[in-house]
Amino acid sequence: MKLKLRVWRQKNAHTPGQFVEYHADNLNPNMSFLEMLDVVNEQIAAKGEEPIAFDHDCREGICGACSCVINGEPHGPHDKVTTCQTYLRSFQDGATVTIEPFRANAFPLIKDLVVDRTAFDRIIQAGGYISVGTGHPPDANSLPVPKPLADLAMDAAACIGCGACVAACKNASAMLFVAAKVSHLNLLPQGQPERDVRALAMVDQMDKEGFGACTVTLSCQAVCPKGISGSFIAKMNRDFLRAMLLNP
Amino acid sequence: MLDRVWKSTLGKKFLMAVTGTGLVLFVFVHMMGNLQMFLGPEVINRYAAMLQTSIEFLWPARFGLAIFALVHIGTGITLTWQNRQTRDQRYATRKLVKATLASRTMLWTGSFVALYVVYHLLHFTIGTIDLHLAEMKTPDGHRDVYRMLIWAFQDSRVACGYILAMGVLCFHLSHGIGALFQSLGIKKPGYEPLIYRLARLAALGLLVGFVSVPVAVQLGWLQ
Ligand code: HEM
Ligand code: FES
């Protein structure tokens with residue numbers, strides 16, 4: 001199959017970028033989207049030009065490295081699928097496909113389709129951890145976790161931190177990411193000692209990074225490749241309120 | 001703590017939702033009051049006289065409403081302004097994955113409602129727009145609200161303006177009522193579609209309730 005690509009090319013944050021058209025021919029519909037970019041890059045490199053820079057790592061939908069807004073949708077046309085797990089059979093033969101980076105001031109552009117998502121790491125550093133004594137591993141089942149709580153915590157922990165929620169939100173808000181990370185630990189017994197400090201610190205850092213507020217459009221939930229529920233944002237709001245009241 | 005409420009996006013959103021909820025409750029009570037038009041002049045005029053003469057209740061309520069409105073408008077403007085600073089380089093292609101028109105126009109529908117409220121107060125409460133209204137009194141000297149409304153809504157321009165404003169308000173609320181549950185932290189996974197459906201139904205109910213009075217007057221059912 002064939003695709004006409006319109007790819008955002010930008011040398012670095014200080015030079016303005018623009019779309020460049022590439023014709024990708026002889027594609028196999030069972031190629032992944034990133035494999036298609038690899039093929040196009042080989043052709044670009046063969047001409048002695050600079051290949052398209054894009055983020056990727058595991059290519060199996062679990063690491064959160066891949067990104068891109070494909071035809072206006074973060075991670076492309078499919079629900080609950082990352083860019084690396086998107087296959088060319090999802091596109092019509094001969095279609096024009098526009099590929100842009102995630103756009104948000106809190107995710108400054110590095111090059112082409114690669115943006116700097118370390119703001120997420122700083123939010124995790126602010127409170128996305130638990131403090132435990134090192135040394136001898138605890139006995140299995142010494143900390144019972146009720147099954148419904150374990151399930152809910154697991155749903156939150158499924159977040160791979162890719163930033164699609166920010167990319168899709170009209171306010172470039174990181175609420176869904178932060179909510180998933182706060183909820184994941186705040187639901188579990190191991191997270192209880194730092195429950196309030198965590199909610200306050202992670203929200204403070206999120207605001208400092210320049211992400212927007214929530215208008216409850218739920219676009220984040222719609223594009224999330226892991227299907228994180230927007231109701232975790234409600235839980236984060238609850239935890240934040242509790243933390244404010246108990247730690248005036 | 002107050003510092004954090006105002007400075008954090010979550011705290012501000014919380015203020016917006018609390019004041020929004022208060023305003024929604026007021027709007028609901030106001031609608032129930034209006035619907036007494038259908039029970040005849042004695043009923044609504046007695047209700048109006050009861051409100052007008054309960055000064056100890058009336059002024060705190062007015063004062064509270066004004067504070068709520070100011071906080072709601074203040075957080076609405078600052079949050080919207082803040083939200084617009086988050087993406088300098090716009091997308092060339094953009095599918096609006098989910099954001100409804102109502103959710104994207106909250107500041108505009110809200111501002112329209114604020115302007116309408118000023119007009120509405122000048123019209124009915126203060127009475128500077130239509131001087132006839134102030135002269136309408138019941139035999140015992142209270143405002144004859146029944147006659148005031150009939151008189152005002154017989155003018156089709158007044159009726160249409162009112163219907164339009166209620167349409168805009170309920171459009172604001174079709175998003176707002178659903179959103180406030182999330183901002184206040186009242187939500188469980190799986191209940192989302194239900195909350196949004198009920199919220200839209202509630203907004204529609206308010207619209208029907210408000211609009212029924214001018215429509216009934218225009219159709220001659222109330223006179
Ligand atoms: C009777 C009048 C009003 C009622 C009942 C009302 C109610 C609400 C409610 C319930 C919400 C949802 C809160 C949330 O998201 O958690 C809301 C949001 C909002 N309101 Fe109002 N509102 C009114 C008037 C206004 C006015 C006068 C403004 C003018 C600036 C305004 C601006 C906004 C904005 C900008 C939002 C959403 C902002 C965002 O989430 O991005 N509202 N309103
Ligand atoms: S490359 Fe790891 S999730 Fe896509």
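So you know, we letter chains A, B, ... as the sequences are listed, proteins then strands, and number each from 1.
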>> Donor-acceptor pair, distance only, cut-off 3.5 Å: does the side chain of Asn83(B) make one with the backbone of Ala213(A)?
In response: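 Yes, because the side chain of Asn83(B) sits within donor-acceptor range (under 3.5 Å) of the backbone of Ala213(A).
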> With chain A, which of Met16(B), Lys188(B), Glu192(B) has the greatest number of heavy-atom pairs at distances under 4.5 Å?
Replying inline: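 Among Met16(B), Lys188(B), Glu192(B), the one with the most close pairs to chain A is Glu192(B).
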>> Could you tell me if Ser231(A) and Gln182(B) have a donor-acceptor pair between their side chains, going purely by distance under 3.5 Å?
In response: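 Absent: no donor and acceptor within the cut-off.
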> Do Asn105(A) and Thr86(B) have side-chain atoms, one donor and one acceptor, less than 3.5 Å apart?
Replying inline: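 The answer is no; no qualifying pair exists.
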> For chain B, which of Ser173(A), Gly17(A), Gly210(A), Gly230(A) has the most heavy-atom pairs under 4.5 Å?
Replying inline: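 With the most close heavy-atom pairs to chain B, the winner is Gly230(A).
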> Which one of Asp239(A), Val166(A), Ile233(A) has the most heavy-atom pairs closer than 4.5 Å to chain B?
Replying inline: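 Sorted descending by pairs with chain B, the first entry is Ile233(A).
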> Looking only at heavy atoms, what is the nearest atom pair of Tyr91(B) and Ala167(A), with distance?
Replying inline: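 Residues Tyr91(B) and Ala167(A), closest heavy atoms: OH-O, 2.8 Å.
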Proximity breakdown for [X] and chain B, heavy-atom pairs closer than 4.5 Å:
| X | answer |
| --- | --- |
| Leu218(A) | both |
| Cys169(A) | backbone |
| Thr217(A) | both |
| Phe211(A) | backbone |

> How about residues 146-162 of chain A versus chain B: which residues have heavy atoms under 4.5 Å apart?
Replying inline: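 Within residues 146-162 of chain A, near chain B: Leu152(A).
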Once rounded to the nearest 0.5 Å, what's the spacing between atom [atom1] of [X] and atom [atom2] of [Y]?
| X | Y | atom1 | atom2 | value |
| --- | --- | --- | --- | --- |
| Ser103(B) | Asn171(A) | OG | CG | 9.0 Å |
| Leu241(A) | Phe14(B) | CG | CZ | 4.0 Å |
| Lys235(A) | Lys187(B) | NZ | NZ | 14.5 Å |
| Glu100(A) | Thr93(B) | CD | OG1 | 4.0 Å |

Which bit of [X] comes within less than 4.5 Å of chain A, counting heavy atoms only: side chain, backbone, both or neither?
| X | answer |
| --- | --- |
| Lys13(B) | side chain |
| Arg90(B) | backbone |
| Tyr191(B) | neither |

> Charged N to carboxylate O below 4.0 Å: is that the case for Asp204(A) and Arg4(B)?
Replying inline: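 Here Asp204(A) pairs with Arg4(B) in a salt bridge, since their nearest N and O are under 4.0 Å apart.
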> Does the side chain of Arg238(A) reach to within under 4.5 Å of the side chain of Leu184(B), using non-hydrogen atoms?
Replying inline: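 SC-SC contact between Arg238(A) and Leu184(B) ruled out.
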